[in-house]
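Scope of the values below: all heavy atoms of this structure, side chains included, with no hydrogens, waters or symmetry mates. So you know, we letter chains A, B, ... as the sequences are listed, proteins then strands, and number each from 1. Remember, it's a predicted structure, so these values are computed and weren't measured experimentally.
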Amino acid sequence: MTKPFHIRLPDGSVREVEPGTTPADIAAAIGPGLAKAALAAKVDGEVRDLNRPLEGDAELALITARDEKDALELVRHDYAHVLAEAVQNLFPGTQITFGPATEDGFYYDFAPAPDRGPFTEEDLPAIEEEMRRVIARDEPLVREVWTRDDVRAFFEKQGEAFKAEWVMELPAEETITMYRSGGWMDLCRGPHLASTGKLDPQAFKLTRVSGAYWRGDQKNAMLSRIYGTGWLNRKQLQQHLTRLEEAAKRDHRRIGQDMDLFHLQPEAQGSVFWHPKGYMIWRQLEAYMRRKLDAAGYEEVKSPQLMDARMWEASGHWGKYRENMFVVPDEVPNTEAEGPVISGEGDWMALKPMNCPAHVQIFKQGIKSYRDLPLRLAEFGCCHRNEPHGALHGIMRVRQFTQDDAHIFCRADQVVEEVRIFCDLLDGVYRDLGFETYEIKLALRPDQRFGSDEDWDRAEQELRDAVAAAGRASDEFGWEELPGEGAFYAPKLEFHLKDAIGRTWQVGTIQADTVLPDRLDASYVRADGDRHRPVMLHRAILGTFERFIGILIEHHAGRFPLWLAPVQAVVATIVSEADDYAREVAAALAAAGLRVETDLRNEKINYKVREHSLAKVPNLVVVGKREADERTVALRELGADVSQMNLGLDQLVERLRKAATPPDLVRD
RNA sequence: GCCGCUUUAGCUCAGCUGGUAGAGCACAUCAUUCGUAAUGAUGGGGUCGUGGGUUCGAGUCCCUCAAGCGGCACCA
């Protein structure tokens, strides 16, 4: 193109420019301030390099640090590049692979030189220093269009097998670009900042190293990944590091130990020892869920832990899920000192990894009529799954867990309505538990699955329809479809909670399953007397108690809502003369149904206030001689301002009784 | 399961180049009865994750296994 063309700017003005003009030229023409601040350009909505010539009429916006989202992504991608260059400077023979921007920073995956081994955290300070030198050199980042074969030849010559492999797999229509910074080159789609010097050398930090599989596949080589966090300026970095510290303080493992809620130990790897205080939270949560389920027309059941392998063969778990199951022999172990403990000749049984097959057995007892549907069978079902060692994490990811599970057996034409009702139930529960927002995803058929494509088509569509009917298939709920993520027997809706510091956790789910009723031969009798397969909806709201309580701990940072708090009030004395009165106050609170303790120790009130505050006791009821004489209390609430309230004993009991009422039992 | 790191008192951690364990908190005893985030004194407490090796001698060096942590893969 040789003729001038027109560029429209965000303020609506239009500039006529000559071919070869770059966004940087336009920025400079507008003003030196903008030229300096510009990081990249948005051309017809696509982020591009500042120095990449414009090709024709277009809308142009210049990206500066004010456009935080775009700017951060650019900057992080550049930090990743600088990281790669720095590593190759310091460790010749290291191969480069991928290095994208992430949520709060960047990483780069390397194949270390054979004589070197993976990177360790001890390498990081030196790499950071080298990165600062690369930034200080302020090399321009130059975009070049190459041919596929040239790129391959280039990388093969350099001994870069991974890059050479990757370029050959890029889509044929893709323009292949290389970025040059000084003498260093990388295959990269871009865009990038104009030069490395645009980065703030004090706004990044390398945070950790880890292994990562080449292209995310377990069968491939293990690469060495270096993570960093990167920002536009030093202040943002500091804020981020502070946020990380705050998040660490919320860690459920730390709080669980500090508040004496539970513990884990190697002899029961992946299973939780619940202490009295932790189990009190569980009991409150379970009681709440039971009330909600009762009210929603569910019937609670309890099913066996151990079932014969034949049952799991019939359900399909034996074939598709066995590597996650704890299988045990149905055989008396040998108690002789010598010889094998078991001969292996007995039948096999397995601890249940799911409750569904057992619930089908309950459904199948007797003949079910269409009039019995929907039948909603609920169980706080304790399941075991043999999770890989590396997957275990505190009480969030364990091997023994209890689901708030239920299976709704219904007619095909009831599915959409049942899913809609479920969405409302779940919504109310999350709100009661203090979560304002959650996201909904639809996980579609996986490669490994049972059932016909027609069944999957229908089941997937029904879940879509139901979410739409519930009014939740919108951006507000982060609606998204996830190909290949479904369970082997059914597609599933996933409900992801967003916690107080913005992390998301998958908890609730509902799955529309026609496969299992068929495999296990469940049927109901229709009005015309024919037998039909029911649809089975697998569903959970909390997911598991273990994981959910972990989320609650981190969400509330241990400061549970009063109705869930293990200890709701401590009555602490100032002088021992008030001991008898303190016992009376505690007894009155306990009689009103509150979980209360007394602290009559011979310690200063400062000491007691500090200790119970750190223990996150929601209400501290202080009594001294004055209160004992006047039959009042001084109430100090956790988290509120330090001012105390002076109340009569009756007022206190009424106030706390009301405040501690579970949300579903509150009557206005 | 894979990669890296870690494992010392109930908890959090110190222990340099190998010479036979230390702090704070917690706990116990005593004194103190003190009005809203730590009163003081004294004391008890550790086969230094497991098993092996090197050495005159190992918490310190090497190997094995295990668990924990951060990721990857997997997943509620």
Side-chain angles (χ1 to χ4, degrees), chain A residues 102 107 109 112 117-124 207-227 248 251 253-254 257-258 260 263-270 321 323-324 353-354 383 385-399 401-405 443 485 487 492 494-497 505-509 538 540-548 550-551 572-579 600-615 620-627 634-638 642-644 646:
Chain A
T102 63
Y107 67 78
D109 286 347
F119 297 106
T120 71
E121 292 191 9
E122 286 173 15
D123 296 321
L124 298 185
T207 49
R208 56 176 66 105
V209 296
S210 88
Y213 299 107
W214 166 236
R215 303 176 70 175
D217 192 327
Q218 227 177 129
K219 292 192 283 290
N220 290 341
M222 175 64 70
L223 303 173
S224 181
R225 175 174 296 182
I226 298 177
Y227 282 95
D251 191 306
R253 294 164 298 188
R254 168 171 291 277
Q257 185 179 71
D258 289 350
D260 193 20
H263 84 272
L264 298 154
Q265 66 185 56
E267 290 79 2
Q269 207 189 357
Y321 206 72
E323 60 184 17
N324 286 293
M354 299 183 192
C383 297
R385 293 183 192 171
N386 198 346
E387 301 287 351
H389 288 79
L392 301 177
H393 176 83
I395 65 172
M396 299 283 210
R397 191 74 189 277
V398 288
R399 288 175 155 175
F401 52 83
T402 300
Q403 299 175 309
D404 65 319
D405 200 10
E485 304 261 314
K492 58 181 181 182
E494 300 177 350
F495 299 83
H496 298 251
L497 277 188
W505 305 91
Q506 197 213 308
V507 283
T509 181
H538 307 245
I541 296 176
L542 307 180
T544 74
F545 281 82
E546 285 79 359
R547 181 179 173 82
F548 200 88
I551 295 167
T573 51
I574 297 171
V575 291
S576 53
E577 277 179 286
D579 285 2
L600 309 182
R601 290 175 302 172
N602 177 11
E603 291 291 350
K604 288 186 166 183
I605 193 62
N606 283 315
Y607 180 88
K608 295 185 183 182
V609 166
R610 176 179 154 81
E611 196 168 89
H612 298 301
S613 298
L614 290 176
L620 189 60
V621 180
V622 178
V623 295
K625 188 163 185 320
R626 197 162 64 224
E627 285 78 10
L635 174 64
R636 181 188 167 114
E637 291 178 320
L638 182 69
V642 284
S643 71
Q644 45 184 309
N646 291 298

Any strand: nucleotide that pairs with [N] via Watson-Crick or wobble, under 3.5 Å:
N     : answer
B/U54 : none
B/G40 : B/C30
B/U17 : none
B/U12 : B/A23
B/U47 : none
B/G70 : B/C3

How is [X] classified with respect to the nucleic acid when contacts are heavy atoms under 4.0 Å: base, sugar-phosphate, or nothing?
X        : result
A/Pro388 : base
A/Lys219 : nothing
A/Thr544 : base
A/Gly216 : sugar-phosphate
A/Gly211 : base
A/Ala634 : base
A/Lys608 : nothing
A/Gln506 : sugar-phosphate
A/Ile605 : sugar-phosphate
A/Leu264 : nothing
A/Glu267 : nothing

Side-chain donor or acceptor of [X] under 3.5 Å from a matching atom on the base of [N]?
X        : N     : answer
A/Arg215 : B/A73 : no
A/Arg547 : B/A76 : no
A/Arg397 : B/C74 : yes
A/Gln269 : B/G68 : no

Under 4.0 Å: is that the gap between some side-chain N or O of [X] and OP1 or OP2 of [N]?
X        : N     : value
A/Arg225 : B/A73 : no
A/Asn606 : B/A37 : yes
A/Lys492 : B/A76 : yes
A/Tyr321 : B/C74 : no
A/Tyr227 : B/C72 : yes

Report yes if the side chains of [X] and [Y] come closer than 4.5 Å at any heavy-atom pair, otherwise no.
X        : Y        : answer
A/Arg385 : A/Phe401 : yes
A/Gln257 : A/His263 : no
A/Thr102 : A/Tyr107 : yes
A/Cys383 : A/Pro353 : no
A/Glu611 : A/Val609 : no

Using atom [atom1] in both nucleotides, what's the gap between [N] and [M] to the nearest angstrom?
N     : M     : atom1 : result
B/C13 : B/U6  : C1'   : 13 Å
B/A23 : B/G46 : C1'   : 14 Å
B/G15 : B/C72 : P     : 31 Å
B/G57 : B/G52 : P     : 16 Å
B/C61 : B/G19 : P     : 11 Å
B/C2  : B/U60 : P     : 26 Å
B/U17 : B/G59 : C1'   : 15 Å
B/A38 : B/C25 : C1'   : 10 Å

Tell me: [atom1] of [X] to [atom2] of [N], nearest whole Å?
X        : N     : atom1 : atom2 : value
A/Asn386 : B/C75 : CG    : C1'   : 13 Å
A/Asp251 : B/G68 : CG    : P     : 14 Å
A/Asp109 : B/G4  : CG    : P     : 15 Å
A/Ile226 : B/C3  : CD1   : P     : 18 Å
A/Arg399 : B/G68 : CZ    : C1'   : 14 Å
A/Asn646 : B/U36 : CG    : C1'   : 11 Å
A/Leu124 : B/G71 : CG    : P     : 15 Å
A/His393 : B/G68 : NE2   : C1'   : 12 Å

Pairwise 5' ranking along RNA chain B for A/Tyr213 and A/Ser576, keeping only the more 5' one
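The 5'-side residue here is A/Tyr213.
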When you match A/Phe401 and A/Ala212 each to their closest nucleotide on RNA chain B, which lands nearer the 5' end?
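Looking at RNA chain B, the more 5' nearest nucleotide goes with A/Ala212.
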Closest approach of A/Val622 and A/Ile605, non-hydrogen atoms and distance?
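That closest heavy-atom pairing would be CG1-CD1, 3.8 Å.
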State, to 0.1 Å, how close A/Pro112 and A/Gly117 come at their nearest heavy-atom pair, and which atoms those are.
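Taking every non-hydrogen atom into account, CB-O, 3.2 Å.
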Between A/Arg397 and A/Glu387, is the closest basic N to carboxylate O distance under 4.0 Å?
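A salt bridge is present here (some side-chain N lies under 4.0 Å from a carboxylate O).
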Could you tell me whether [X] atom [atom1] has more than 12 heavy atoms of other residues or ligands within 6.0 Å of it?
X        : atom1 : result
A/Gln265 : CD    : yes
A/Arg215 : CZ    : yes
A/Glu267 : CD    : yes

If you only use heavy atoms from C-beta on, which nucleotide in [options] is closest to the side chain of [X]?
X        : options             : value
A/Val398 : B/A76, B/C2, B/A37  : B/A76
A/Val209 : B/A37, B/G4, B/G70  : B/G4
A/Tyr607 : B/U39, B/C2, B/G35  : B/U39
A/Pro118 : B/A76, B/C3, B/A73  : B/C3
A/Arg626 : B/G71, B/G35, B/C74 : B/G35

Considering only nitrogen or oxygen atoms on both sides, find all protein atoms under 3.5 Å from nucleotides 6-14 of chain B and state each distance.
| residue | atom | partner | partner atom | Å |
| --- | --- | --- | --- | --- |
| B/C11 | O3' | A/Gln257 | OE1 | 3.3 |

Nearest 0.5 Å, what's the CD-OG1 distance between A/Gln403 and A/Thr509?
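These two atoms lie 10.0 Å from each other.
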